[in-house]
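A quick write-up on the structure given underneath.
Just so it is clear, the model here is predicted, and its values are computed rather than measured. Chain letters run A, B, ... following the sequence lines, proteins first and then strands; every chain starts at 1.
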2 protein chains.
Amino acid sequence: MTMDAVRLVEVGARDGLQNEAQTLPVAIRVELIERLVAAGLQTLEAGAFVSPRWVPQMADSDEVLRRLRQHPGVTYTALVPNLQGLDAALAAGCREVAVFASASELFSQRNINCSIDESLQRFQPVLAKAAEQGVAVRGYVSCVLGCPFSDEVPMADVVRVARELYAMGCYEISLGDTIGRGTPGRVRQLIEACASEVPVTALAGHFHDTYGMAVANVQAALDAGVRVFDSSISGLGGCPYSPGATGNVATEELVYLFREQGLATGVDLPALLEAGAFIDAALGKASASRVATALRSKAARPR
Amino acid sequence: MTMDAVRLVEVGARDGLQNEAQTLPVAIRVELIERLVAAGLQTLEAGAFVSPRWVPQMADSDEVLRRLRQHPGVTYTALVPNLQGLDAALAAGCREVAVFASASELFSQRNINCSIDESLQRFQPVLAKAAEQGVAVRGYVSCVLGCPFSDEVPMADVVRVARELYAMGCYEISLGDTIGRGTPGRVRQLIEACASEVPVTALAGHFHDTYGMAVANVQAALDAGVRVFDSSISGLGGCPYSPGATGNVATEELVYLFREQGLATGVDLPALLEAGAFIDAALGKASASRVATALRSKAARPR
């Protein structure tokens, strides 16, 4: 990858759908992912091997992974909370998985029921076995710019968790602004702090648009040297308990942002808009992407 | 103003409401503006002296201006297309007006029915009379990063129009991304180009969020030295012919963006949210502000 390209990690079918109120059938999830691949996305979250009691939206992730067609250069990933999850992912043919830690002690306790250190210990055997099997592991760090349960998340804690996940063998660390509270100045500081311990080429930005700051935060991370960004088709995600709240930054916005600045993503915007229209219709809701809304109303307008 | 403060120009009651499908009565427009003043905004567009046949939403702007209470430090402005408009604004007690030119020849022809040069000539007597009367004039330049009717707007044309308006006596030049197509890299180039001819302290940024880029563009202009930004309560504006299309960047987003980066705006966010709720209810539509949506759903959530 040259410095005038950006890699997008499409998280709509996992981080996105997992935070939608509805649970979609396997066939719809598979069709969504295949449409996103057809649009040019090459790294896609396809599911999570977590308990369907807690996350019903991700039930049958093994079935989703088995049904997906393989394409050269395309990687499907799945979230695995522990060794059992990894085994299920391997059985479903996964060649890349992701682990999920938090930079906030309180969020770690409430979200995954253990301390940050316990979560990192739990990932040790996951990373060891993945390495044995030649499976790549991506590390997520959540709450990097704020936590829903505590006022402040010290930047030093973000740097420590990122460094430890990288040292354990995660090939890439995705820094997640889970509650979308970040602003560009703090994003720059965060990337600089993390890049002092982890190569900037191994950092990814994962921004939520809850406060409408995500595109500005992506640009700030880009200016600080980050070239990998997570995004979600149609801005899927939000929060099932907050009607109208916005979720992950929309993939459409990032493709537009980068294209207009001469950065290649390999994604075809019209095909992406079609994938977005497909999932909007399946969920029966309006797109959270302003690029999609603008381009659709432009296309519909009489000339 | 020190360098750690930003001045907001609230355009919701003019640029915002003028582009909403509904026409609101004078009493609602006055109450909106007074709520915005109570929230701390000090420069507010209150109306336009244009033909109500073309812009029914701005009918009775004289009445709006007459009814508004005066407050120390608060300036109400009105758009005036020509000398007749200026006379009407002066009669209504306006102490500041704005003139509106375009950087796009085609937009100028279709929007105000004359060439760019003709529009500038038409402003000469307006600026002369305003100077005589001690009335400040702000200059708008539209289409600075693209035009709805032509493919490209040369940056040299933007710089020329900005320079001429400034030379004629406009104290501030508001650079408007009318169609919201700009991205941060081009915004930086634009500000640098204009700042070579007009002092950067006399430049303002006016960004529309049609493609979700406005907050990122504001940050880019801020980084380039701009300290005055136009915004619209609740993101009012959009386009009456494009349902769902987004308009001016929401004032709530800018207050949040600046506050989180330690820049003072003098605006109280809770009071601003109430003003937004008032106008949303009057128009019967949901807020286009993500900050407003997020903070309202946060407040509504059980603890």
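In this structure, no portion of A:Asn217 lies under 4.5 Å from any heavy atom of chain B.
Heavy-atom pairs under 4.5 Å with chain B were tallied for A:Gln261, A:Glu253, A:Arg186; the largest tally goes to A:Gln261. In terms of non-hydrogen atom pairs under 4.5 Å with chain A, the most contact-rich of B:Val215, B:Val249, B:Ile179 is B:Val215.
For A:Arg188 and A:Asp223, the salt-bridge test fails: no basic side-chain N is under 4.0 Å from an acidic carboxylate O.
Residues passing the salt bridge (charged side-chain N to carboxylate O under 4.0 Å, His left out) test with A:Glu260, sequence neighbours excluded: B:Arg181. Applying the ring-ring contact (aromatic ring centres under 6.0 Å, His included) criterion to B:Phe278, with sequence neighbours excluded, gives no partner residue.
Between the side chain of B:Glu252 and the backbone N or O of B:Val291 there is no donor-acceptor pair closer than 3.5 Å.
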